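Following: one structure in structure tokens, then a few remarks.
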Amino acid sequence: MAYTYTTPWLLVVTELLILVSITESKVPAIIVFGDSTVDAGNNNVVPTLLKSNFRPYGRDFAGGRPTGRFSNGRIPPDFISEAFGLKPAVPAYLDPAYDIADFATGVCFASAGTGYDNATSDVFKVIPMWKELEYYKEYQNKLRAYVGKDKANEILSEALYLMSLGTNDFLENYYLSPKRQSQFIVQQYEDFLIGLAENFIRELYSLGVRKISLTGLPPMGCLPLERTINILGQNKCVETYNNVALEFNGKLNGLVKRLNKELPELRLLSADAYKILDQIIKKPSLYGFDVVGKACCSTGKFELSYLCNELSPFTCSDANKYVFWDAFHPTEKTNHIIVNSFLDKLLAYFR
């Protein structure tokens with residue numbers, strides 16, 4: 001919630017506390033770009049079908065609130081923020097409940113359904129990456145007005161930037177769009193996306209960004225929705241999609257290495273979510289899960305967004321037993337395990 005100031009001295013004390021926390025932390029803020037894996041609720045105010053600001057989404061979030069996160073609880077940036085000694089939940093930039101006082105230590109610009117490719121964001125009329133960047137520039141100006149130019153520039157250069165996207169480019173766009181398939185074979189489309197990723201990172205760099213964690217693709221052929229569609233394959237994982245994910249991630253790793261060499265002071269890290277999620281899917285019991293082939297919400301086979309709603313009588317009672325919350329997104333427990341798998345690497349690299 002945005003802070004409510006009742007007296008001038010309370011305003012001063014609050015601002016001092018924010019500045020102290022910023023000064024003491026090596027990473028003063030967590031700033032997020034991407035898709036539904038990291039969207040904290042920006043789509044709530046976007047005229048799109050891809051929303052999750054209603055129950056049962058968020059039923060395990062603090063206060064049982066459906067915030068617009070595509071999970072039963074918290075998502076990866078929330079856990080990362082908390083691990084760096086910052087707040088336990090990163091707010092969405094477009095959420096009217098928050099303001100620059102909240103955003104000074106972390107803000108999310110992500111939009112569910114978006115991708116590197118502008119054509120991907122057009123599918124569900126969500127926020128394209130170029131617009132996320134425009135919001136970030138606007139945020140920079142607000143931050144400078146709030147804490148002063150020098151302190152703002154320090155925050156912006158020392159902040160940790162999280163990028164997580166790409167899955168929608170393939171599953172929502174390329175494999176469903178005759179236009180993209182007529183233009184590119186899948187390997188060419190991978191290269192096209194890598195080029196867009198590079199352009200975005202270079203643009204961030206030109207704006208003073210120096211610390212970036214880049215998450216690639218998960219084993220997207222194992223998402224419950226893809227398994228449901230794979231009837232001829234007996235509802236097993238679609239290995240073609242998983243192989244594309246691995247191939248794309250390899251190219252993303254190559255980009256990370258190259259840009260770290262080319263751009264002075266850039267600290268770009270590849271945060272691999274594929275490996276741990278693949279391990280969870282193959283051996284769920286080792287991580288305390290009972291169900292992996294379908295999701296918790298509704299029948300767990302194809303429902304997400306408005307199809308995953310409180311009216312369904314089939315939604316599970318304990319999401320911790322499930323790897324996936326809806327047909328496309330992990331449960332809070334899975335998100336936490338994924339973050340923990342590379343958290344030591346993040347903390348060591350960016351502190």
Side-chain angles (χ1 to χ4, degrees), residues 27 29-40 42-43 69-70 75-81 83-84 90 92-93 106-118 120-121 126-137 139-140 156-170 190 192-218 220 245 248-260 262-263 266-274 277 329-330 335 338-339 341-343 345-346 349-350:
V27 170
I30 301 294
I31 300 175
V32 187
F33 297 97
D35 58 21
S36 60
T37 56
V38 291
D39 183 0
N42 287 305
N43 273 23
R69 288 167 171 80
F70 281 78
I75 53 178
D78 301 326
F79 293 113
I80 293 171
S81 176
F84 274 93
V90 179
Y93 184 66
V107 60
C108 171
F109 301 101
S111 175
T114 203
Y116 289 109
D117 187 351
N118 284 335
T120 301
S121 63
V126 298
I127 304 169
M129 289 300 286
W130 66 263
K131 185 64 176 178
E132 289 189 25
L133 195 64
E134 289 301 308
Y135 283 137
Y136 171 66
K137 293 176 183 177
Y139 162 73
Q140 284 190 321
L156 295 168
S157 64
E158 291 294 331
L160 172 57
Y161 294 76
L162 308 179
M163 287 178 58
S164 178
L165 67 163
T167 303
N168 296 322
D169 290 307
F170 292 96
E190 292 167 11
F192 173 66
L193 296 180
I194 293 295
L196 295 176
E198 177 174 353
N199 292 342
F200 190 83
I201 292 168
R202 286 184 179 277
E203 182 69 19
L204 286 178
Y205 181 83
S206 73
L207 293 169
V209 173
R210 292 297 180 268
K211 300 177 180 180
I212 305 173
S213 173
L214 181 60
T215 301
L217 303 182
M220 57 188 183
F248 179 80
N249 289 347
K251 293 178 179 180
L252 210 57
N253 290 339
L255 175 66
V256 167
K257 292 177 182 177
R258 180 162 57 82
L259 290 182
N260 275 328
E262 291 182 15
L263 301 178
L266 177 66
R267 304 188 75 186
L268 180 59
L269 180 70
S270 178
D272 180 18
Y274 186 102
L277 189 51
H329 305 98
N335 283 330
I338 290 171
V339 169
S341 73
F342 56 73
L343 189 55
K345 189 177 179 183
L346 275 182
Y349 195 68
F350 294 113

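A quick note: this is a predicted structure, and the numbers were derived from the prediction, not measured.
Rounded to the nearest 0.5 angstrom, Asn260 CG and Leu268 CG are separated by 5.0 Å. In this structure, the separation between CZ on Phe33 and OG on Ser164 is 13.0 Å, given to the nearest 0.5 Å. For the atom pair Leu165 CG and Glu132 CD, the distance stands at 7.5 Å (nearest 0.5 Å). Taking CZ of Arg202 as the reference point, atom CD of Glu198 lies at 4.5 Å (rounded to 0.5 Å).
Asn253 and Ser270 share a side-chain donor-acceptor pair at under 3.5 Å. A donor atom on one side chain and an acceptor atom on the other are found under 3.5 Å apart for Asn43 and Ser111. Counting only N and O atoms by type, the side chains of Gln140 and Tyr136 include a donor and acceptor under 3.5 Å apart.
Between Ile75 and His329 there is no side-chain heavy-atom pair separated by less than 4.5 Å. Proximity of Ile31 to Phe109: side-chain heavy atoms (C-beta onward) are separated by under 4.5 Å at one or more points. Side-chain contact between Ser213 and Leu346 is present, with heavy atoms from C-beta onward closer than 4.5 Å. Side-chain atoms of Thr167 and Pro218, non-hydrogen and from C-beta on, do get closer than 4.5 Å to each other. Contact of the Asn42 side chain with the Ile127 side chain is registered, since non-hydrogen atoms from C-beta on lie closer than 4.5 Å. You'll find the side chain of Leu214 reaches within 4.5 Å of the side chain of Ile201, heavy atoms only. Two residues are said to be in side-chain contact when any heavy atoms from C-beta on lie closer than 4.5 Å; Leu269 and Lys211 fail this criterion. Using a 4.5 Å heavy-atom cutoff, the side chains of Met163 and Leu204 are in contact.
Under a 3.5 Å cut-off, the side chain of Asp35 and the backbone N or O of Gly113 do not form any donor-acceptor pair. A distance-only check finds a donor-acceptor pair linking the side chain of Tyr161 to the backbone of Leu156 [under 3.5 Å]. Between the Asp169 side chain and the Asp117 main chain, a donor and an acceptor come within less than 3.5 Å of each other.
Closest heavy-atom contact between Asn118 and Pro128: OD1-CB, 3.8 Å. In terms of heavy-atom proximity, Thr114 sits nearest to Ser121 at OG1-CB, 3.6 Å. Minimum interatomic distance between Pro77 and Thr37 (heavy atoms only, all atoms of both residues): CD-O, 4.5 Å.
Phe170 pairs with exactly one of Phe248, Phe192, Tyr116 by the ring pair (Phe, Tyr, Trp, His ring centres under 6.0 Å) rule, that one being Phe248.
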Exercise. How far apart are the C-alpha atoms of Phe350 and Phe84, what are their side-chain angles, what is the distance that settles it, and do they pass the ring-ring contact (aromatic ring centres under 6.0 Å, His included) test?
Worked result: CA-CA 10 Å; Phe350 294 113; Phe84 274 93; 7.3 Å; no
